[in-house]
> 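Would you mind keeping the following structure in view while I ask a few things?
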Amino acid sequence: MDLYRHRILPRLIDWVMGQETLAEFRSRVVGGARGRVLEIGIGSGRNLPFYAAAAGEVVGIDPSTELIAMARRNAAAASRPVTLPVTFVEQTAERLPFADESFDTVVVTWSLCSIPDPSAALREACRVLKPGGELRFVEHGLAPAPGVQRWQHRVTPLWSRCSGGCHLDRRMDDLIRAAGFHITDLTKRYLPGPKIMTFMYEGTAVPAASAGQPEDTIPHHR
Ligand SMILES: C[S@@+](CC[C@H](N)C(=O)[O-])C[C@H]1O[C@@H](n2cnc3c(N)ncnc32)[C@H](O)[C@@H]1O
């Protein structure tokens with residue numbers, strides 16, 4: 001089991017997350033980050049080449065020693081050079097070792113599915129964002145069709161055990177709102193592939209307290 005968790009799984013995650021179909025999401029979500037950025041669940045660092053000049057610094061957290069080591073290597077070997085300062089912190093997202101209001105942007109891409117307590121991680125993200133700061137996210141999660149949802153609930157317990165804790169059936173927008181965010185933009189759609197794994201939630205959110213408006217007045221697109 002240790003061989004799988006520490007050797008095979010990190011390589012599988014790096015390979016899956018390197019799919020070309022994900023690049024357009026990375027480009028939009030990560031490319032819009034600015035200032036001091038916290039990336040939650042940075043994994044093997046696949047987002048790093050997508051940061052634009054407006055991002056001054058990235059702090060990436062992840063509990064996996066192996067994935068952080070890969071992120072360092074990937075950043076050094078990327079075809080698009082990673083020029084901004086990056087700090088890696090081996091840590092879970094549920095309790096962040098950072099001061100309140102200390103980041104301009106929090107980025108999370110396909111990690112809320114694997115974080116054991118995504119609500120706690122999102123509350124922490126909200127806490128460390130400065131007023132006017134932004135959460136930028138893309139996640140897969142619960143699909144709208146009841147038939148697909150049934151399979152997502154059925155498959156998740158087994159899938160989670162072989163995929164490093166990934167849940168197929170989290171309703172990401174509800175989790176984000178419930179943690180204290182006001183969602184400012186949200187697009188939900190299927191990607192090609194098995195429907196239980198490919199329903200995407202992509203968008204931006206701001207701490208509801210600093211937005212000064214009710215949490216649920218959101219444009220929903222499909
Ligand atoms: C599917 S990978 C996504 C990696 C990366 N965000 C990407 O887009 O390529 C999920 C990541 O969530 C990380 N993760 C799992 N539990 C976590 C936790 N409690 N806090 C932060 N990250 C966690 C895993 O180690 C893994 O790197």
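Here the structure is a predicted model, which is why all the values come from computation and not from measurement. Both backbone and side-chain heavy atoms feed into the values below; hydrogens, waters and symmetry mates do not.
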> If you draw a 6.0 Å radius around CZ in Arg171, do more than 12 non-hydrogen atoms from other residues or ligands fall strictly inside?
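No, CZ of Arg171 has 12 or fewer neighbouring heavy atoms, counting only those of other groups under 6.0 Å.
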
> Give a yes or no answer on whether the side chain of Asp100 reaches the backbone of Val128 with a donor-acceptor pair at less than 3.5 Å.
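No, Asp100 side chain to Val128 backbone: no donor-acceptor pair under 3.5 Å.
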
> Using only atom types and a distance under 3.5 Å, with no angle test, would you say the side chain of His140 pairs donor to acceptor with the backbone of Thr198?
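Not confirmed, His140 side chain does not pair with Thr198 backbone.
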
> If you group Ile, Leu, Val, Met, Phe, Trp and Tyr by side-chain heavy-atom gaps below 4.5 Å, do Phe137 and Leu96 land in one group?
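In one cluster: yes.
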
> Answer yes or no: is there an ion pair linking Arg28 with Glu202, defined by an N-O contact shorter than 4.0 Å?
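Here Arg28 pairs with Glu202 in a salt bridge, since their nearest N and O are under 4.0 Å apart.
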
> Is there a donor-acceptor contact under 3.5 Å linking the side chains of Glu57 and Tyr51?
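On atom types as modelled, these side chains do not qualify, holding no pair under 3.5 Å.
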
> Of all heavy-atom pairs between Ser163 and Leu9, which one has the smallest distance, and what is that distance?
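Residues Ser163 and Leu9, closest heavy atoms: C-CD1, 4.0 Å.
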
> In terms of hydrophobic clustering (I, L, V, M, F, W, Y; side-chain heavy atoms under 4.5 Å; direct or indirect links), are Val155 and Met172 co-clustered?
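Result: yes, single cluster for both.
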
> Could you tell me whether the side chain of Ile61 reaches within less than 4.5 Å of the side chain of Ile42, counting heavy atoms only?
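No - every pair of side-chain heavy atoms lies 4.5 Å or more apart.
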
> State, to 0.1 Å, how close Pro63 and Thr92 come at their nearest heavy-atom pair, and which atoms those are.
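Heavy atoms of Pro63 and Thr92 come nearest at CB-CG2, 3.9 Å.
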
> Under 4.5 Å between side-chain heavy atoms, hopping through other hydrophobics if needed: is there a path connecting Val59 to Val108?
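Yes, Val59 connects to Val108 through the hydrophobic network.
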
> So if you build clusters from Ile, Leu, Val, Met, Phe, Trp, Tyr with side-chain heavy-atom gaps below 4.5 Å, do Tyr190 and Phe25 land together?
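No, Tyr190 does not connect to Phe25 through the hydrophobic network.
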
> Return the CD1 to CG distance between Ile40 and Asp62, rounded to the nearest 0.5 Å.
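Nearest 0.5 Å value for the CD1-CG distance: 11.0 Å.
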
> Tell me, do Leu168 and Met197 make a side-chain contact under 4.5 Å, heavy atoms counted?
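Yes, side chains in contact.
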
> Using side-chain heavy atoms (C-beta onward) and a distance below 4.5 Å, is Val107 in contact with Asn47?
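Val107 reaches Asn47 side chain to side chain.
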
> So how far is it from Leu129 CG to Leu38 CG, rounded to the nearest 0.5 Å?
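Separation between the atoms: 8.0 Å.
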
> Tell me if a side-chain donor or acceptor on Arg136 pairs with a main-chain N or O of Val29 at a distance below 3.5 Å.
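Judged by distance alone, yes, a pair lies under 3.5 Å.
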
> Cation-pi check, Arg7 to Tyr4: give yes when NZ or CZ is under 6.0 Å from the six-membered ring centre and within 45° of the ring axis, no otherwise.
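So Arg7 doesn't make the cation-pi contact.
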
> With rounding to the nearest 0.5 Å, note down the distance linking CD in Glu90 to CG in Leu67.
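It is 10.0 Å, given to the nearest 0.5 Å.
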
> Using a 4.5 Å cut-off on heavy atoms from C-beta on, say whether the side chain of Ser114 contacts that of His167.
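Result no, sub-4.5 Å side-chain heavy-atom pair not found.
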
> Keeping Arg170 on the side-chain end and Cys113 on the backbone end, is there a donor-acceptor pair under 3.5 Å?
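Yes, because the side chain of Arg170 sits within donor-acceptor range (under 3.5 Å) of the backbone of Cys113.
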
> Taking all atoms of both residues into account, what is the closest heavy-atom pair of Phe199 and Leu142, and its distance?
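So the two residues come closest at CD2-O, 3.2 Å.
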
> Tell me if a side-chain donor or acceptor on Gln91 pairs with a main-chain N or O of Pro97 at a distance below 3.5 Å.
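Side chain of Gln91 to backbone of Pro97, a donor-acceptor pair under 3.5 Å: no, none is there.
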
> Quick one: does any side-chain atom of Arg72 pair with a main-chain N or O of Gly45 as donor and acceptor, under 3.5 Å?
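Flag not set: sc Arg72 to bb Gly45 has no pair under 3.5 Å.
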
> How long is the gap from CD on Glu94 to OG on Ser119, to the nearest 0.5 Å?
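Going from CD on Glu94 over to OG on Ser119, the span is 10.0 Å.
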
> Quick one: does any side-chain atom of Ser160 pair with a main-chain N or O of Pro157 as donor and acceptor, under 3.5 Å?
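Not at all, since once roles are kept as given, no pair shorter than 3.5 Å links the two residues.
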
> Could you check Leu48 against Val86 for side-chain contact (heavy atoms from CB on, under 4.5 Å), going step by step and ending with a plain yes or no?
CA-CA 9 Å; Leu48 290 173; Val86 184; 3.9 Å; yes

> For Ser111 and Gly41, indicate whether the former's side chain and the latter's backbone hold a donor-acceptor pair under 3.5 Å.
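At least one qualifying donor-acceptor pair exists.
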
> Please determine which of Thr109, Asn74, Asp14 meets the side chain to side chain donor-acceptor pair (under 3.5 Å) test together with Arg46.
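For Arg46, the side chain to side chain donor-acceptor pair (under 3.5 Å) test succeeds with only one of Thr109, Asn74, Asp14, which is Asp14.
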
> Which heavy atom in Leu175 sits nearest to a heavy atom in Pro118, and how many Å separate them?
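In this case the closest contact between Leu175 and Pro118 is CD1-CG, 4.0 Å.
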
> Distance-only, no hydrogens or angles: does the Glu139 side chain make a donor-acceptor pair with backbone N or O of Leu112 under 3.5 Å?
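Such a contact is found between Glu139 side chain and Leu112 backbone.
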
> If I take atom CD1 from residue Ile176 and atom CG from residue Leu135, how far apart are they, to the nearest 0.5 angstrom?
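So the CD1 of Ile176 and the CG of Leu135 are separated by 5.5 Å.
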
> Looking at Phe103 versus Phe98, is the centre-to-centre ring distance below 6.0 Å?
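Ring centres of Phe98 and Phe103 closer than 6.0 Å.
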
> Minimum heavy-atom separation for Lys130 to Glu101, with atom names?
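The pair with the smallest heavy-atom distance is CG-O, 3.2 Å.
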
> Does the side chain of Asp185 come under 3.5 Å of the side chain of Thr204 through a donor N or O and an acceptor N or O?
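Per modelled atom types, Asp185 and Thr204 side chains form no pair under 3.5 Å.
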
> CZ/Arg177 to NE2/His182 distance, rounded to the nearest 0.5 angstrom?
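The NE2 atom of His182 is 9.5 Å from CZ of Arg177, to the nearest 0.5 Å.
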
> Ignoring hydrogens, what is the shortest heavy-atom contact between Val37 and Ala55? Give both atom names and the distance.
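In this case the closest contact between Val37 and Ala55 is CG2-CB, 4.0 Å.
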
> For the pair Gln152 (side chain) and Gly147 (backbone), establish whether a donor and an acceptor sit closer than 3.5 Å, ignoring hydrogens and angles.
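Between the backbone of Gly147 and the side chain of Gln152 there is no qualifying donor-acceptor contact (under 3.5 Å).
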
> Would you call Arg11 and Glu66 a side-chain contact if the rule is heavy atoms closer than 4.5 Å?
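No, side chains not in contact.
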
> Check step by step if side-chain contact (heavy atoms from CB on, under 4.5 Å) holds for Lys188 and Leu186.
CA-CA 7 Å; Lys188 301 195 261 188; Leu186 179 63; 4.0 Å; yes

> Taking Tyr201 as the starting point, is it possible to reach Phe181 by hopping between hydrophobic residues whose side chains are less than 4.5 Å apart?
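Yes, one cluster joins them.
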
> Side chains of Gln149 and Asp169: do they bring a donor and an acceptor to under 3.5 Å?
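Their side chains do not contain a donor-acceptor pair, so the 3.5 Å distance test is not met.
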
